[in-house]
Amino acid sequence: MPELPEVETVRGQLEPVLVGRTFTDGGAHPSAKFATAPHVVGATVEAVRRRGKYLLVDLDDDRELVLHLGMTGRFLVGAEATAPEHDPYVRAWWLLDDGSRLAYRDVRRFGRIAVVPAGDHRSLPTLHHLGPEPFDDAFSADHLWQAVRASSMRVKTQLLNQRVVAGVGNIYADEALWAARVNPAARTITRPQAARLRDAVREALAAGLENGGTTLRDYRTVIGDEGRNQHTLRCYGRAGEPCERCGTELRRRVIDARGGTWCPTCQAR
DNA sequence: GGCTGGCCCTGTACGC
DNA sequence: TGCGTACAGGGCCAGC
């Protein structure tokens, strides 16, 4: 499932394909989640940015193409970017003025495509209320501590809701909580725990970025490569295996409808 | 305004 | 072998 490192990897690969190019044609699945994709035809791409897990494509007509990969979304370019009649899971496609083709493929349709006035994200509540980027100074230990303290939600749920920090999903949340020795179900944390967790979030995401993302099932880069970060995970998806820090068997637990892995000893309350 | 839970969606795994 | 069911989960939204 694409989180910040996966989306940033995709952004870096889309940028040279799209910047300076004009959309000359396009089509989309009729679902409201994708139907506006062809509205960018005639516009030229000025930049490809990322905010949290969202890709933001700046257009030269003061609009923005907003893309979210959901769980199974990926982009295809060149020969791989076939039309929906050849691939039933292609939800949107565009033709560029250099003759190349871009397709958005999303098996489970959890992704989303929107065309909005530049900077106006009110129609996308999560993007509109997005918290600071994890590597910004604004994501400080104090910010994290205050946010957790001000809410009754569990700390893992707060990491996932995108308001406290942008771009963290289930995999990197589990990794960060394990590294920081914080119980995922806790509703309060100490200030030292907040400092450890802030650092651990950054380290987990940095490792993901360094390794081109985490491929557990569906994630692929634009050029079809798998990420390599799945080989470095120390907690997520390892339920039943011994914790490499203390040897206790890692356990799986569902918190607020999100499955996850934790160490009952290292991450005791 | 904050929080919870249901829903969307479809491939995969598993039990019978 | 084939069918039915549970599960995975990010974001949205209704309801409390």
Side-chain angles (χ1 to χ4, degrees), chain A residues 1-8 10-11 28-36 50-56 66-75 84 87-92 104-114 116 120-131 133-134 146-177 184-188 201 204-205 208 213-220 226-227 230 233 235-240 251-262:
Chain A
M1 61 280 333
E3 304 179 29
L4 186 152
E6 291 75 34
V7 177
E8 179 59 30
V10 169
R11 188 207 66 76
H29 186 277
S31 161
K33 288 182 167 187
F34 312 109
T36 60
R50 180 196 55 74
R51 184 78 174 88
K53 303 179 200 174
Y54 290 85
L55 284 167
L56 307 175
V66 181
L67 308 156
H68 193 290
L69 299 173
M71 288 179 58
T72 56
R74 64 169 291 206
F75 284 96
D87 183 343
Y89 302 123
V90 166
R91 310 302 182 187
Y104 174 72
R105 186 178 196 271
D106 186 354
V107 172
R108 292 193 206 174
R109 287 201 261 163
F110 272 43
R112 173 140 190 208
I113 296 173
V116 300
D120 182 356
H121 301 143
R122 286 172 297 177
S123 61
L124 299 141
T126 302
L127 178 57
H128 186 56
H129 297 290
L130 208 56
E133 287 291 315
Q146 297 283 5
V148 174
R149 228 164 57 120
S151 167
S152 62
M153 292 165 66
R154 300 178 192 279
V155 63
K156 180 176 175 181
T157 306
Q158 292 229 53
L159 286 180
L160 296 179
N161 80 3
Q162 308 301 306
R163 291 193 179 209
V164 177
V165 60
V168 176
N170 208 22
I171 297 171
Y172 296 100
D174 271 6
E175 289 296 298
L177 288 161
R187 295 182 192 271
T188 58
V201 165
L205 293 171
T214 303
T215 298
L216 294 178
R217 193 176 301 174
D218 301 293
Y219 167 69
R220 295 289 185 283
E226 292 189 355
Q230 61 277 15
L233 298 180
C235 178
Y236 183 87
R238 292 186 171 273
R251 289 193 195 156
R252 185 184 137 71
R253 179 178 181 182
V254 176
I255 293 173
D256 295 332
R258 296 287 179 265
T261 313
W262 66 298

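Sequence lines set the chain letters: A, B, ... in the order given, protein chains first and strands last, and positions in each chain run from 1.
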A:D256/A:R258 under salt bridge (charged side-chain N to carboxylate O under 4.0 Å, His left out): CA gap, chis, key distance, verdict:
CA-CA 6 Å; A:D256 295 332; A:R258 296 287 179 265; over 6 Å; no
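Remark: P of B:dT4 and CD1 of A:I255 are 12 Å apart, rounded to the nearest angstrom. Between the CG atom of A:D106 and the C1' atom of C:dG9 there is a distance of 12 Å, rounded to whole Å. Atom CZ of A:R163 and atom C1' of B:dG2 are 9 Å apart (whole Å). B:dC8 atom P lies 15 Å from atom NE2 of A:H29, rounded to whole Å.
Comment: A:E133 engages A:R51 in a salt bridge, judged by a side-chain N to carboxylate O separation of less than 4.0 angstrom.
Considering only residues two or more places apart in sequence or on other chains, A:Y172 meets the ring-ring contact (aromatic ring centres under 6.0 Å, His included) condition with none of them.
Taking 4.0 angstrom as the limit, A:R109 places a side-chain polar atom (N or O) nearer than this to OP1 or OP2 of B:dT10. Look at A:S151 and you'll find a side-chain N or O under 4.0 angstrom from OP1 or OP2 of B:dC3.
Taking the six-membered ring where the residue is Trp, A:H68 and A:Y54 present perpendicular rings, their angle passing 60° and hence far from 30°.
At a threshold of 4.5 Å between non-hydrogen side-chain atoms, the residues A:L56 and A:L127 count as touching. A:R109 places a side-chain heavy atom less than 4.5 Å from the side chain of A:H29.
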Can you check each nucleotide of nucleotides 10-16 of chain C against protein heavy atoms at under 4.0 Å and return B for base, S for sugar-phosphate only, - for none, in 5' to 3' order?
BBSS---
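As judged by a 4.0 angstrom heavy-atom cut-off over every strand, A:S152 is placed among residues touching the sugar-phosphate backbone only.
Comparing A:S31 and A:R154 by the nucleotide of DNA chain B whose heavy atom lies nearest to each, the residue mapping closer to the 5' end is A:R154.
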